[in-house]
Amino acid sequence: MTVSSIVIPVKDVAAATAFYRTVFGAEPHTDTPYYVGFNLDGLEIGLNPNGHATGMVGATAYHATDDVEAAVATLVDAGATVVSPATAVGGATVVAIVADADGNHVGLIQS
C-alpha cells in the first residue's frame with residue numbers, strides 16, 4: 001500500500017482553508033462545506049470538517065488499496081482496532097481508519 005492522501009480534521013473549514021492556502025501556497029481543487037482538497041505534487045491533502053465527529057484525532061495518512069474491507073481485516077488480524085469502518089464517501093471511494101496498538105491512526109482508501 002502507498003500513501004495516496006493525508007486528511008486533516010478541522011473544526012472551522014473556512015479558517016482552515018485560508019490557513020492551508022498560505023501553508024501550501026496553492027488553491028484547493030475542491031472547496032465544499034464537507035471537504036476541501038489540495039493536490040501537492042500528486043499527493044492529496046484534504047481538510048475534513050467532520051473528521052473529529054468520526055473519531056479522527058489528527059492528520060491521518062491514507063494508504064491506497066484495492067479492497068478496503070479486506071485491508072481492514074488484515075490489519076485487525078495484525079492487532080489493529082477499527083476506528084471508522086469501511087464507508088462509501090462519494091463516487092466509488094471507500095475509506096476506513098484503524099488504530100495500531102499505540103492508538104496511531106492508519107487510513108485506508110479505495111477509489
Side-chain angles (χ1 to χ4, degrees):
M1 290 186 276
T2 36
V3 174
S4 65
S5 59
I6 297 171
V7 178
I8 303 165
V10 299
K11 293 181 179 168
D12 181 336
V13 73
T17 300
F19 176 78
Y20 283 102
R21 275 186 174 117
T22 301
V23 170
F24 301 146
E27 291 297 313
H29 63 76
T30 301
D31 190 350
T32 67
Y34 56 88
Y35 182 82
V36 176
F38 295 86
N39 186 299
L40 305 177
D41 297 324
L43 179 64
E44 176 74 7
I45 307 289
L47 308 178
N48 181 350
N50 298 310
H52 293 288
T54 62
M56 292 181 77
V57 294
T60 300
Y62 280 79
H63 301 266
T65 180
D66 293 333
D67 186 338
V68 166
E69 291 184 12
V72 167
T74 298
L75 294 176
V76 166
D77 287 345
T81 57
V82 176
V83 174
S84 180
T87 304
V89 294
T93 303
V94 177
V95 298
I97 299 173
V98 299
D100 68 13
D102 292 307
N104 300 300
H105 287 190
V106 174
L108 302 161
I109 186 166
Q110 170 187 331
S111 298

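Position 1 is the first residue of the sequence, and the numbers go up from there. Only heavy atoms go into these numbers, but all of them, side chains included; no hydrogens, no water, no symmetry mates.
A salt bridge (charged side-chain N to carboxylate O under 4.0 Å, His left out) check over residues 30-52, counting only residues at least two apart or in different chains, returns the pairs R21-D31.
The two residues N48 and M56 have their closest heavy-atom pair at ND2-SD, 4.1 Å. Residues Q110 and D66 come closest through the heavy atom pair CD-O, 3.4 Å. Residues A99 and H105 approach most closely at CB-CD2, 4.0 Å, considering heavy atoms.
From F19, atom CZ reaches atom CG of L47 across 10.5 Å, with rounding to the nearest 0.5 Å. Note that the CD1 atom of I97 and the OG1 atom of T54 stand 5.5 Å from one another [nearest 0.5 Å]. The OH atom of Y35 sits 13.0 Å away from atom CG of N50, with the distance rounded to the nearest 0.5 Å.
A donor-acceptor pair is defined here as one N or O able to donate and one able to accept, closer than 3.5 Å; such a pair exists between the side chain of D100 and the backbone of D102.
Residue-environment remark: OH (Y34) stays at or below the threshold of 12 foreign heavy atoms within 6.0 Å.
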Between I45 and Y20, does a side chain to side chain contact (heavy atoms under 4.5 Å, CB included) hold up when you go through it step by step?
CA-CA 10 Å; I45 307 289; Y20 283 102; 5.7 Å; no
Distance-only donor-acceptor hits, side chain of residues 4-17, under 3.5 Å, sequence neighbours excluded:
from: D12; atom 1: OD1; to: A14; atom 2: N; distance (Å): 3.2
from: D12; atom 1: OD1; to: A15; atom 2: N; distance (Å): 3.0
from: T17; atom 1: OG1; to: V13; atom 2: O; distance (Å): 2.7

For residues 67-85, which side-chain N or O atoms pair as donor and acceptor with protein atoms under 3.5 Å away, sequence neighbours left out?
from: D67; atom 1: OD1; to: E69; atom 2: N; distance (Å): 3.2
from: D67; atom 1: OD1; to: A70; atom 2: N; distance (Å): 3.0
from: T74; atom 1: OG1; to: A70; atom 2: O; distance (Å): 3.1

